[in-house]
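Numbering starts at 1 and runs along the sequence shown. Predicted, not measured: the structure shown is a model, and the values here were computed from it.
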Amino acid sequence: MREKYTVGQYLVDRLHELGLRHLFSIAGDYSIEWVNSYVEKSGIQVIEEVNELNAGYAADGYARLKGIGALCVTYSAGSLCATNAIAGSYVEKVPVVLINGAPSIKKTLTFEQTGYSSHHFISGRETDRQVFEYITAAAVRIDSPDLAPMLIDYALTQCITERRPVYIELLEDMVDLECTVPSGALKAAPIISDEVSLNQSIAQISERLQNATKPLIWIGVEVDRFGLHDQAERLIQDLKIPYVTELLSKAILPEDDAQFAGVFDGKSSSPYVQSLVESSDFVLALGVWLTDINDLGWPIDLNKTAFASWNTLKYGTGFNAQVSLADLVDGLIDKRVTCKHRTLPAKTVQQAPVMNAADELTYQGFYDFIQSQVDENTIVGADASLNYFGSMLLKVGARRGFIVQSSYSAIGYIGPAATGLSLAKQDGQRLMVLSGDGGFQMTAQCLSTQTRFNLNPIIFVTDNGVYGVEQWLADASVFHGSKPFYNSCILHRWNYSKLAEVFGCQGWKVHTYGELEEAINGAKDNLNGPSIIQVVVPQRSIPDNANWKAN
């Protein structure tokens, strides 16, 4: 006689089918039965996290490389701690599944009818679902075994279609109840283009590309989110024109390509890229999102820039709705458009400055030094901090070799995201992440999980004692004179390297280039756990490409 097939097994099987191999979890009595009885016995490894926020960031980092990520928490007291991470995934189109273990139907009815409360309750059955329905592509409550397969399939299909998080509320008494087995494989629903809008868009862009004397392609984050890397590369090669990326899409294509000019991020871009963008007479922006972080101080010329994103084409005063980015790129490839040949202007070869081993580190000097440590097997991650600026100009050779959450910009994201990235990266790759000291203070417990599971990211914490990027945004003149920092931007100083003793990993504190080199060599040899390198820089030191903002 066949063993009964349950709701708990259904959810595990569907997640595994979509490619999930690790689940980030916090123990909770409303969810522990599903984790212990089903996930632990499946092909999905449970990664026991230290708190829900870190678990959410880890699932987000994992999903950026794997295409799906998931975390399991418990009702309200657990799930609501993860809202900031889920909000970031929603904004940046990252497919994360939040499984929330919830009280049983009996406990729910008892609370609603008599007021007798079970722990974690706020206002009954609707609280958590109502919170998450605003920051997910689907929010479902599994309170019927007969409906469970349909609701689970709907939520997961929305996740992989919209590339956004979904919320699945799994009641504790549903887990072991019998349901039907999965039927067919889940797949993303196609984005349907309007034929007239699509053809008009292809014709309009083709004409502009052919007539432009200095065309440029601007590759955006949607190329990565919707897996269009190969098509974008094919189009770039066919057109034989240069291209740039944005900070959010940095290195989604390898940066050693001859047609790659650099990252365009407004006035923080290199002078070379700024000149190239300014001199272009037509810019095709494929999947680019405009934010105040990726057009820093730069007035975008909307009359010469065609934006193909959010399933629309926007060019000047023209607007074509319901245009799939994939269909548009394929249509341009099929059109066999030829452009006037545009050779990239010669780049000035930047010689790495000679640094004396005994010299004091600076913010810019750190980045000048670290470039030599980034090769084709390195993944680089940067946190919301002044590290945005320094990391922007690093040359990264690996495709999808740069991770940043620059649209939502949650300070403290990259440390715990490194947990997920370490589990999702390819064999042979090494992860280096760049955090500010303020951000690292928010999520430092990530070292605990990374140590527990023998993950080996190298985490650089730039220690200047302030929320530097917040001060820069509010009043950058502080970095160019003797004005005091805002009190709200001054940090309590930690000895970050000593956290290695607390969490059982390895740490270094460096003040000079010689000490930095020694620390990096030691970190590279540390393969069985995380390495934290505390990089002490002067308080008013900032990367060179942040100097344009003086007030």
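I403 contributes atom CD1, which lies 4.5 Å from atom CG of L65 (distance to the nearest 0.5 angstrom). For the atom pair NZ of K66 and CG of L18, the computed distance is 12.5 Å after rounding to the nearest 0.5 Å. A distance of 10.0 Å separates CD1 in I152 from CG in L186, rounded to the nearest 0.5 Å. Atom CD1 of I142 sits about 4.5 Å away from atom CG of L151, to the nearest 0.5 Å. Rounding to the nearest 0.5 Å places OG of S201 at 3.5 Å from CG of N320. Atom CD of residue E48 and atom OG of residue S448 lie 11.0 Å apart, to the nearest 0.5 angstrom.
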CA sep, side-chain torsions, deciding dist, call: L235, L286, side-chain contact (heavy atoms from CB on, under 4.5 Å) = CA-CA 11 Å; L235 180 63; L286 296 174; 3.9 Å; yes
query = When you look at R400 and H229, which way does the side-chain contact (heavy atoms from CB on, under 4.5 Å) test go after all the steps?
reply = CA-CA 9 Å; R400 310 184 78 205; H229 310 83; 3.7 Å; yes
request  = Assess whether side-chain contact (heavy atoms from CB on, under 4.5 Å) is satisfied between V96 and I86, documenting all intermediate values.
outcome  = CA-CA 8 Å; V96 172; I86 297 301; 4.0 Å; yes
inquiry  = Walk me through whether T6 and D176 qualify under side chain to side chain donor-acceptor pair (under 3.5 Å).
reply    = CA-CA 5 Å; T6 64; D176 292 328; 5.2 Å; no
message = Would L170 and V175 count as a side-chain contact (heavy atoms from CB on, under 4.5 Å) here? Give the steps.
response = CA-CA 7 Å; L170 181 62; V175 174; 4.0 Å; yes
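Remark: side-chain polar atoms of K304 are not paired, donor with acceptor, to backbone N or O of V283 under 3.5 angstrom. Looking at Y30, its side chain never comes within 3.5 Å of a backbone N or O of N100 through a donor-acceptor pair. In this structure a side-chain-to-backbone donor-acceptor pair under 3.5 Å is missing from S79 to Y75. For the pair S249 (side chain) and T245 (backbone), a donor-acceptor distance under 3.5 Å is absent. Between the side chain of Q429 and the backbone N or O of Q426, at least one donor-acceptor pair lies under 3.5 Å. In terms of modelled atom types and a separation under 3.5 Å, the side chain of T161 and the main chain of Q158 share no donor-acceptor contact. Side-chain atoms of S89 never come within 3.5 Å of backbone atoms of V94 as a donor-acceptor pair (strictly under, hydrogens ignored). Judged purely by atom type and a 3.5 angstrom limit, T305 has no side-chain atom pairing as donor or acceptor with the backbone of L302. Using modelled atom types, no side-chain atom of R141 and backbone atom of E126 make a donor-acceptor pair closer than 3.5 Å. The backbone N or O of D327 sits less than 3.5 Å from a side-chain atom of S324, completing a donor-acceptor pair.
T312 and K314 share a donor-acceptor pair across their side chains, judged by distance under 3.5 Å alone. For the 3.5 Å distance criterion, the side chains of S385 and D383 fail to qualify, holding no donor opposite an acceptor. Counted by atom type alone, W310 and E222 present zero donor-acceptor pairs between their side chains at under 3.5 Å. Inspection of the Y5 and D13 side chains reveals an N or O donor paired with an N or O acceptor under 3.5 Å. In this model, a donor atom of one side chain and an acceptor atom of the other lie less than 3.5 Å apart for Y10 and D153. In summary, the side chains of D265 and Y388 do not present any donor paired with an acceptor at a separation below 3.5 Å, with no hydrogens or angles considered.
Residues V404 and L248 approach most closely at O-CD1, 3.7 Å, considering heavy atoms. Residue P242 comes nearest to L276 through the heavy atom pair CB-CD2, 4.5 Å, listed as atom of the first residue, atom of the second, then distance. Nearest heavy atom pair, residue T136 against residue V166, reads CB-CA, 3.9 Å. Closest of all the heavy-atom pairs between R21 and G43 is CD-O, 3.9 Å. The two residues G316 and N303 come nearest to each other via the heavy atoms CA-OD1, 4.2 Å. In this structure, E92 and S406 approach most closely via the heavy-atom pair OE2-N, 3.3 Å.
Within 6.0 Å of atom CG in L473, more than 12 heavy atoms from other residues, nucleotides or ligands are found, so the atom counts as buried in its surroundings.
Contact check for V221 versus E246: side-chain heavy atoms found under the 4.5 Å cut-off.
Residue pairs meeting the side-chain hydrogen bond (donor to acceptor under 3.5 Å, both in side chains) criterion with at least one partner in residues 251-263, sequence neighbours excluded, are K250-E255. For the ring pair (Phe, Tyr, Trp, His ring centres under 6.0 Å) condition, the pairs that include at least one residue of residues 230-261, sequence neighbours left out, are Y243-F260.
With salt bridges taken as basic N to acidic carboxylate O contacts below 4.0 Å, one links R399 and D230.
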What donor-acceptor contacts under 3.5 angstrom involve side-chain atoms of residues 51-58, with partners at least two apart or in another chain?
from, atom 1, to, atom 2, distance (Å)
N51, OD1, L53, N, 3.3
N51, OD1, N54, N, 2.7
Y57, OH, N84, ND2, 3.0

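When ring centroids are compared, F282 and Y315 come within the 6.0 Å threshold.
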